[in-house]
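Convention: sequence-line order gives letters A, B, ...; per-chain numbering from 1. Hydrogens, waters and symmetry mates are skipped; everything else that's a heavy atom, side chains included, is used. A quick note: this is a predicted structure, and the numbers were derived from the prediction, not measured.
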Amino acid sequence: MNSPIEFNRQRYSKLEEIRARGIDPYPVRYDVSHPAQSILDQAEDLVESAERVSVAGRITSKRGHGKSGFAHLLDRTGRIQIYVRLDRIGSDVYEIFDELIEVGDYLGVKGAVFTTRTGETTVMVDEMELLSKSLRALPEKWHGLRDIETRYRQRYVDLVINPDVKEVFLKRSRLIRSVQRFMDGEGFVEVETPILQPLYGGALARPFKTHHQALDMPLFMRIADELYLKRLIVGGMERVYEIGHDFRNEGIDRTHNPEFTMLEFYIAYVDYRFIMDLVERLFTSVFQDVNGTLNHTYQGRSIDMTPPWPRISMLDAIREYGDVDVTRMPTAELAAVCGERGLDVDPELGRGKMIDGLFEYFVQDRLLNPTFITDYPVEISPLAKRHPDNPELTERFELFICGSEFANAFSELNDPMDQRRRFEEQVEMQRKGDGEAHAMDEDFLRAMEYGMPPTGGCGIGIDRLAMLITDSANIKDVLLFPHMRKESFDGDPGGLDGPDSPGGTGAEMENGSGEADSPDSPDGTGAELENGSGEADGLSDRASGI
RNA sequence: GGGCGCGUAGCUCAGUUGGCAGAGCAACAGACUUUUAAUCUGUGGGUCGAAGGUUCGAUUCCUUCCGCGCUCACCA
């Protein structure tokens, strides 16, 4: 796409005409007395009192009728119609409204409120001010913006055109506020822990890697909050939680974005049973708060969120849904059962992976209403405490709704010697080439050695929850700016490369942008963050300008 | 990464069994002082995602590439 000047000469020439008439097309402020919706709400009183209101918004439609015209202004609260008449506002201003103001522009108007012949509450404009001139045409009003790619790439247009999109993100905001209120009520402290970490951990995933210039050291974007939040438990912050972005350098699909929002919380002195109770209360509280009901529909499927939710151990679930009892089944027989079901699970990876595979095969998709699956095999739960009744299992649960996982929780492992052994096993896996294995974290072990109380912990994917609660099929629909591949701009192929383009300006070199960055990363893998960007310089330029 | 599908005007979409590129809305010019998908008359607007190939001729057929969606594998 070209610049708006090349692309829309008609709009640009109107901008020039506005300037030629001595009007500032981009003034600094406008005093609003009534947001659009409040005019509609108080229409009767406002009509009766003949009170003059002022309202501002973006023009979303415009209909001229010779010497008068209607338009709709859209603000954050809603849409209000305005009526402009030549005999009220004067020929000079009317000419500007008629010829130079168009759909997409921001307008501020003052005037009395009346009701039209067809019954719509409308502002009779007696004063008008252009607040911002738009140089690009918005999508047409009737069909709107449907192209999925454009909606994600140009969310600002999507939000203007599609009111239900705005509603999704308002709901997401209410969801997060509701979670925070609930956690407040439970005596939690909300904390912020590092996103840039010298070591990454707390989950098994491939990280993004970057580099700190001044310290000349590699840093990783966090893949989980877990190890830092547990350090806070050691420090005596007995109920902590964090809502923040984690970053995982893995595939993108309907339910995965490279950065996503995670709620993690940890509570001292409790086990996973307590966490189950709390998760049940958290979800039902949030659903009541945001949707006003525990009966929900997701993608056409009815879900009953009413507690209590069933709690079934993983082995019982496999027995119940698959009619297979794997409890004391010899490993060879287990492998045969997996083979019969066409499950490609390597027996060398242990019983845990095979049992998990059978669970996914027989059970997971059939868990429509909220269900806790408990007591996972120890091999696939490296951070969870062993179950006292069965050392092959752990005190771990996951919550499933509509066949998807919504929470993952344990009675946390707090034995420093056991934790060290598990790290050593991970290091061994790493040595064998497992790119997702856990690194040895000596500082975390030191914290464990000072002593961590018995602790229950939990992680909940907030984007998944937002998808469920807004009935969205794709994670991109609940992310304001989902990750997309680089867009190419005609006539400016490096448009998005600005910050790291080799021909940087002198200013860009101040932070040492060009050479020596991320020496171990081939360009274009997407695995590495660039540093010393021009954008950072832009910020410092702005700061010095002030 | 594999498989399937899609990419035509600012937007929503037709279309070409290979032969001058279409509509509605938006825009522009004109009429119209309570319309609301305003109406009426007229006009302009396209590298048919990009690059190659086949052909007298390619938006159409073939190849490669780019982007998006669905799906499988991995993950939350």
Whole-Å distance separating the [atom1] atom of [X] from the [atom2] atom of [N]:
| X | N | atom1 | atom2 | answer |
| --- | --- | --- | --- | --- |
| A:L465 | B:rA76 | CG | C1' | 13 Å |
| A:D246 | B:rA76 | CG | P | 11 Å |
| A:I148 | B:rC11 | CD1 | C1' | 15 Å |
| A:R88 | B:rU34 | CZ | C1' | 12 Å |
| A:I252 | B:rG1 | CD1 | C1' | 13 Å |
| A:K67 | B:rG30 | NZ | C1' | 12 Å |
| A:D147 | B:rC68 | CG | C1' | 8 Å |
| A:R151 | B:rC11 | CZ | P | 15 Å |

Quiz item: Want to settle it: does A:L145 or A:E102 sit nearer the 5' end of RNA chain B, counting the closest nucleotide to each?
Solution: A:L145
Would you indicate which nucleotide in [options] comes nearest to any side-chain atom of [X]?
| X | options | answer |
| --- | --- | --- |
| A:E140 | B:rC68, B:rU12, B:rA76 | B:rU12 |
| A:R146 | B:rG67, B:rU12, B:rU35 | B:rU12 |
| A:H143 | B:rU12, B:rU33, B:rA38 | B:rU12 |
| A:S68 | B:rA76, B:rU34, B:rU33 | B:rU33 |
| A:R63 | B:rC68, B:rC32, B:rA38 | B:rA38 |
| A:D253 | B:rU33, B:rA73, B:rU35 | B:rA73 |
| A:H65 | B:rA76, B:rU33, B:rC68 | B:rU33 |
| A:R254 | B:rG10, B:rU71, B:rG67 | B:rU71 |
| A:Y83 | B:rG67, B:rU34, B:rU12 | B:rU34 |
| A:N474 | B:rU33, B:rC70, B:rU34 | B:rC70 |

Practice problem: Assess whether one donor atom and one acceptor atom, taken from the side chain of A:E120 and the base of B:rU34, lie less than 3.5 Å apart. | Solution: no
Quiz item: Can you check whether A:Q299's main-chain N or O pairs, donor with acceptor, with A:D471's side chain at less than 3.5 Å?
Solution: yes
Quiz item: So, A:F260 versus A:H245, ring centres under 6.0 angstrom or not?
Solution: no
Quiz item: What are the two closest heavy atoms between A:L73 and A:G57, and how far apart are they?
Solution: CD2-O, 3.9 Å
Does any donor atom in the side chain of [X] or [Y] lie under 3.5 Å from an acceptor atom in the other side chain?
| X | Y | value |
| --- | --- | --- |
| A:R11 | A:S13 | no |
| A:Y272 | A:E395 | no |
| A:R396 | A:S381 | yes |

Quiz prompt | Same-atom distance (P) from B:rA29 to B:rU34, integer angstrom | solution = 22 Å
With a 4.0 Å cut-off on heavy atoms, is [X] in touch with a base, just the backbone sugar-phosphate, or nothing at all?
| X | value |
| --- | --- |
| A:F406 | nothing |
| A:G69 | nothing |
| A:G461 | nothing |
| A:M484 | sugar-phosphate |

Quiz item: Just one of A:D477, A:V168, A:T255, A:I462 clears the side-chain contact (heavy atoms from CB on, under 4.5 Å) bar with A:M467, so which one?
Solution: A:T255
Quiz item: Which stems, defined as runs of 3 or more consecutive Watson-Crick or G-U wobble pairs with both pairing distances under 3.5 Å, involve RNA chain B?
Solution: B:1-7 with B:66-72, B:10-13 with B:22-25, B:27-31 with B:39-43, B:49-53 with B:61-65
Self-check item: Aro-ring/base stack A:F70-B:rA38, d under 5.5 Å, angle under 30°
Solution: no
Would you tell me if any nitrogen or oxygen in the side chain of [X] comes within less than 4.0 Å of OP1 or OP2 on [N]?
| X | N | value |
| --- | --- | --- |
| A:K141 | B:rA26 | yes |
| A:N257 | B:rA76 | no |
| A:K62 | B:rA26 | no |

Practice problem: List the steps and the verdict of salt bridge (Lys or Arg N to Asp or Glu O under 4.0 Å) for A:E102 and A:K62. | Solution: CA-CA 7 Å; A:E102 56 204 319; A:K62 186 166 173 262; over 6 Å; no
Self-check item: salt bridge (Lys or Arg N to Asp or Glu O under 4.0 Å) between A:R52 and A:D126, worked out
Solution: CA-CA 9 Å; A:R52 227 163 142 256; A:D126 57 41; 2.8 Å; yes
Quiz prompt | Step-by-step salt bridge (Lys or Arg N to Asp or Glu O under 4.0 Å) determination, A:R155 to A:D158 | solution = CA-CA 5 Å; A:R155 186 69 89 184; A:D158 193 25; 2.8 Å; yes
Just the table, please: protein N/O against nucleotides 42-51 of chain B N/O, every pair under 3.5 Å.
none

